[in-house]
Amino acid sequence: RNGNIWFLTDIGVKIYYKTTHRFEFFRPSEMPVGQISCIAADKNNNILMGTTAGTVSRYDVATGKFETLIEASDATGITAAGPNLIYAILEDRQGNVWASGSNHGVFRYEKKGGKVTSFNTSNGLAVNKIKSIYEDNEGNVLFGTSGEGIEIFSTERFVSFNKKNGLVDNQVWTVCRDNAGRFWFGTNEGITVYDPAMPAEKAYKNITVKDGLPSNNIRSIVKDQQGD
């Protein structure tokens with residue numbers, strides 16, 4: 001909101017302040033339990049934070065207060081082993097907050113009523129390891145998975161999109177949509193560009209080191225101010 005930039009590092013969260021051109025550690029009182037594992041801005045430019053303890057909180061920048069949205073106990077009943085480290089967070093257009101937990105699928109916190117719903121392999125997800133979360137212009141939520149390509153959540157059900165459909169690899173780390181409506185998927189084997197406006201046989205284009213990429217391991221894709 002103020003032009004400040006938030007960074008998640010190995011030693012905590014740092015903020016680069018636009019006015020002073022200085023970095024400062026983010027160390028308010030009442031920090032969530034556990035190490036911060038991911039951060040994202042909501043529609044009001046407050047900060048959503050996931051932790052290694054399996055919680056998701058909202059930090060109100062104006063008041064300096066935290067609100068817990070998802071508790072570690074919301075993973076209760078899931079049979080997958082391992083800690084519930086929060087890996088990715090997204091607030092959708094309806095104000096619901098989605099978060100992925102390592103080996104535990106995804107959780108949805110509903111803005112109206114605060115209900116938390118778990119989605120995993122027992123109720124529709126193809127795999128419980130979710131690397132990234134993205135919402136398209138139609139309100140569908142896309143999940144980049146570890147080994148099963150893309151899972152698309154639409155009308156309360158999941159649809160899979162993977163190598164059989166044209167993805168270059170089933171490990172999807174990042175999703176981005178450009179101004180032309182094309183989806184860019186970053187994987188361990190390069191980039192797949194999907195153009196839904198094209199016929200199926202021409203809709204997918206894969207870009208790898210053979211096409212000039214410095215590496216096939218793509219962890220993040222973002223759109224600049226020009227839409228590139």
Item to complete: Let me see the working for I89 and I133 under side chain to side chain contact (heavy atoms under 4.5 Å, CB included), right down to the final yes or no.
Response: CA-CA 7 Å; I89 307 176; I133 310 175; 5.9 Å; no

Could you pull out the closest heavy-atom pair between [X] and [Y], with the gap in Å?
X    : Y    : result
S132 : A88  : CA-CB, 4.2 Å
T187 : E189 : OG1-N, 2.9 Å
F107 : G101 : CE1-N, 4.1 Å

Discussion item. Are Y109 and W98, when compared by the centres of their aromatic rings, separated by less than 6.0 Å?
Written reply: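 No - the distance between ring centres of Y109 and W98 does not fall below the 6.0 Å cut-off.
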
Worksheet item: Are N170 and T145 close enough, and set up right, to give a side chain to side chain contact (heavy atoms under 4.5 Å, CB included), and what steps lead you there?
Response: CA-CA 7 Å; N170 281 335; T145 77; 5.9 Å; no

How many angstroms lie between atom [atom1] of [X] and atom [atom2] of [Y], to the nearest 0.5 angstrom?
X    : Y    : atom1 : atom2 : result
I150 : I130 : CD1   : CD1   : 9.0 Å
C38  : L8   : SG    : CG    : 8.0 Å
K18  : I15  : NZ    : CD1   : 15.5 Å
T174 : Y134 : OG1   : OH    : 9.5 Å
I218 : D169 : CD1   : CG    : 11.5 Å
N128 : S100 : CG    : OG    : 11.0 Å

Discussion item. If you apply the rule side chain to side chain contact (heavy atoms under 4.5 Å, CB included), what do you find for I152 with V141, and how did you get there?
Written reply: CA-CA 6 Å; I152 303 171; V141 182; over 6 Å; no

Practice prompt. Report the C-alpha distance between N96 and Q94 in whole Å, list the side-chain angles of each, state the deciding distance to 0.1 Å, and finish with yes or no for side chain to side chain donor-acceptor pair (under 3.5 Å).
Written response: CA-CA 6 Å; N96 303 321; Q94 296 178 349; 3.3 Å; yes

Worksheet item: Are F185 and I191 close enough, and set up right, to give a side chain to side chain contact (heavy atoms under 4.5 Å, CB included), and what steps lead you there?
Response: CA-CA 6 Å; F185 303 107; I191 297 171; 5.9 Å; no

[Y] side chain reached by [X] side chain, heavy atoms, under 4.5 Å:
X    : Y    : value
F119 : T117 : yes
I36  : M49  : yes
I11  : F25  : yes
L213 : D211 : no
V175 : W184 : no
I86  : T55  : no
N216 : N188 : no
Y204 : V193 : no

Connected via hydrophobic side-chain network under 4.5 Å: [X] and [Y]:
X    : Y    : value
V13  : Y17  : yes
V116 : L48  : yes
L125 : F153 : yes
L142 : I221 : no
Y87  : F143 : no

Would you check if the side chain of [X] reaches a backbone N or O of [Y] as a donor-acceptor pair within less than 3.5 Å?
X    : Y    : answer
S57  : F66  : no
T121 : V127 : no
R182 : A197 : no
R93  : E135 : no

Item to complete: Keeping to residues at least two apart or across chains, list the side chain to side chain donor-acceptor pair (under 3.5 Å) pairs with something in residues 30-43.
Response: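 As it turns out, the side chain to side chain donor-acceptor pair (under 3.5 Å) pairs with a partner in residues 30-43, which skip direct neighbours, are D42-R58.
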
Discussion item. Could you list the cluster mates of F7? Members are the ILVMFWY residues connected by side-chain heavy atoms closer than 4.5 Å, either directly or through other members.
Written reply: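 In the cluster with F7 are I5, Y16, F23.
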
In residues 156-164, what donor-acceptor pairs under 3.5 Å come from side-chain atoms, sequence neighbours left out?
residue: E156; atom: OE2; partner: R108; partner atom: NH1; Å: 3.0
residue: S160; atom: OG; partner: E151; partner atom: OE2; Å: 2.5
residue: N162; atom: OD1; partner: K164; partner atom: N; Å: 3.0

Worksheet item: Going by distance alone, is a donor N or O of one side chain under 3.5 Å from an acceptor N or O of the other, for N120 and S122?
Response: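 Yes, a side-chain donor-acceptor pair sits under 3.5 Å.
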
Fill in: N140 and E138: side chain donor to acceptor below 3.5 Å
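Note: N140 and E138 side chains miss the donor-acceptor criterion.
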
Worksheet item: Taking only residues two or more places apart in sequence, or in another chain, which ones meet P214 in a side-chain contact (heavy atoms from CB on, under 4.5 Å)?
Response: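 Partners of P214 under the side-chain contact (heavy atoms from CB on, under 4.5 Å) test: none.
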
Worksheet item: With sequence neighbours excluded, what pairs up with T63 under the side-chain contact (heavy atoms from CB on, under 4.5 Å) test?
Response: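 Testing T63 for side-chain contact (heavy atoms from CB on, under 4.5 Å), a comparison that skips the adjacent residues, returns D60, K65.
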
Discussion item. Taking side chain to side chain donor-acceptor pair (under 3.5 Å) as the definition, give me every residue that meets it alongside Q171, ordered by chain and number, with sequence neighbours left out.
Written reply: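 By the side chain to side chain donor-acceptor pair (under 3.5 Å) rule, Q171 matches S146.
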
Can you tell me if [X] has over 12 outside heavy atoms packed within less than 6.0 Å of its [atom1]?
X    : atom1 : result
W173 : CH2   : yes
K223 : NZ    : yes
K131 : NZ    : yes

Item to complete: Report the C-alpha separation of E24 and K14 in whole Å, then their side-chain angles, then the decisive distance to 0.1 Å, and conclude whether the salt bridge (Lys or Arg N to Asp or Glu O under 4.0 Å) test is met.
Response: CA-CA 5 Å; E24 294 185 21; K14 283 191 171 184; over 6 Å; no

